[in-house]
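Structure first, then comments.
Ligands are counted one by one from 1 in listed order, and the atoms in each one are counted from 1 as well.
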Amino acid sequence: MIEENTTIELATHSDASEIAMLSRDLIEQGLSWSWNTERVKKAMRDRSTNVAVARDGSILAGFGIMKYGDKHANLNLLAVKKEYRRTGTGTKIVRWHERVASTAGVFNIYLQVRDQNTIAQDFYSKLGYVVLDKIPGYYKHKEVGVIMFRHIGVNRNAT
Ligand SMILES: CC(C)(COP(=O)(O)OP(=O)(O)OC[C@H]1O[C@@H](n2cnc3c(N)ncnc32)[C@H](O)[C@@H]1OP(=O)(O)O)[C@@H](O)C(=O)NCCC(=O)NCCS
């Protein structure tokens, strides 16, 4: 049994290939692989994007990528390794991004989930996200995309 002892921090370039492979294997399976190592590195260099990782010591337990706009942010990717699931790690990653977004003045967070991924939809519902729309063919013209969002408000105490 893995203890709930992961910490969340910004990823480094040396995490990029592992993040890309986790995206390929845990998120993009059955679709063509779009989040390769170069794309993850590009996201790390993008000033309006945060790539966060959950670490258990030297082990990368999961990651989440969020892109921030003026009033809205989008959670582009999120995955937790199987052995770390149901330990609160996914929740920690999402809440970390939400805190950053709120401090930056973002009101709403959007995300997209594959229609058949009911586990992720249940997970996001538990975190307060609601279904906004369902878009046929959203994923490579193959699969329905479920658009979810949460109004998070703004941290007015932020400096
Ligand atoms: C979705 C995912 C990120 C959840 O990560 P996690 O670390 O297991 O989530 P948490 O432990 O924080 O779970 C929080 C709550 O979500 C719900 N939940 C999580 N996994 C669930 C599951 N398999 N079945 C039902 N509810 C689930 C539960 O209510 C859970 O609370 P509980 O454990 O107290 O019952 C993880 O399953 C995952 O990586 N899946 C593959 C990639 C993916 O689908 N990413 C999202 C789309 S990009």
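- The atoms of ligand 1 that sit less than 4.0 Å from any heavy atom of Gly88 are 10 (P), 11 (O), 12 (O).
- One N or O on the side chain of Glu28 and one on the backbone of Trp35 form a donor-acceptor pair closer than 3.5 Å.
- Proximity of a side-chain donor or acceptor of Ser102 to a complementary backbone N or O of Glu98 within less than 3.5 Å is not detected.
- Closest to atom 23 (N) of ligand 1 by heavy atom, among Thr6, Ile119, Ile93, Asp25, is Ile119.
- Taking distance alone, with nitrogen or oxygen atoms compared against 3.5 Å, Lys126 approaches ligand 1 more closely than that limit.
- The aromatic ring centres of His72 and Phe107 sit 6.0 Å or more apart.
- Annotation: atom 9 (O) of ligand 1 to nearest protein heavy atom, Phe123 CE1, 3.4 Å.
- With a 4.0 Å cut-off on non-hydrogen atoms, Tyr124 touches ligand 1 through its side chain and not its backbone.
- Ser125 places a side-chain N or O within 3.5 Å of a backbone atom of Gln121 that can act as its donor or acceptor partner.
- With ligand atoms numbered from 1 in the order given, ligand 1 contributes 41 (C), 42 (C) to contacts under 4.0 Å with heavy atoms of Leu26.
- The closest donor-acceptor contact from the side chain of Arg114 to the backbone of Val144 lies at 3.5 Å or more, if one exists at all.
- For the pair Gly90 and ligand 1, the shortest N or O to N or O distance falls below 3.5 Å.
- Of the polar atoms of Arg86, at least one N or O is found under 3.5 Å from an N or O of ligand 1, judged by distance alone.
- Nearest non-hydrogen protein atom to atom 37 (O) of ligand 1 is Arg85 CD, 3.4 Å.
- Of the candidates Leu78, Leu111, Leu75, Leu77, it is Leu78 that places a heavy atom closest to atom 3 (C) of ligand 1.
- Residue-level proximity to ligand 1 for Thr87 is carried by the backbone, the only part with a heavy atom below 4.0 angstrom.
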Open item on the list: Could you walk me through whether Lys41 and Asp46 satisfy the salt bridge (Lys or Arg N to Asp or Glu O under 4.0 Å) test, starting with their C-alpha distance in whole Å, then the side-chain angles of each, then the deciding distance to 0.1 Å, before giving a yes or no?
Closed with: CA-CA 9 Å; Lys41 283 184 176 170; Asp46 178 8; over 6 Å; no
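- Polar contact check, Val80 against ligand 1: a nitrogen or oxygen pair lies under 3.5 Å apart.
- Among protein heavy atoms, the minimum distance from atom 12 (O) of ligand 1 is reached at Thr91 OG1, 2.5 Å.
- Proximity of a side-chain donor or acceptor of Arg95 to a complementary backbone N or O of Leu127 within less than 3.5 Å is detected.
- Between Tyr68 and His97, the ring-plane angle classifies as tilted under the 30° and 60° cut-offs.
- A pairwise comparison of heavy atoms in Thr37 and Ser17 identifies OG1-CA, 3.5 Å as the closest pair.
- Some N or O of Asn117 is nearer than 3.5 Å to an N or O of ligand 1, by distance alone.
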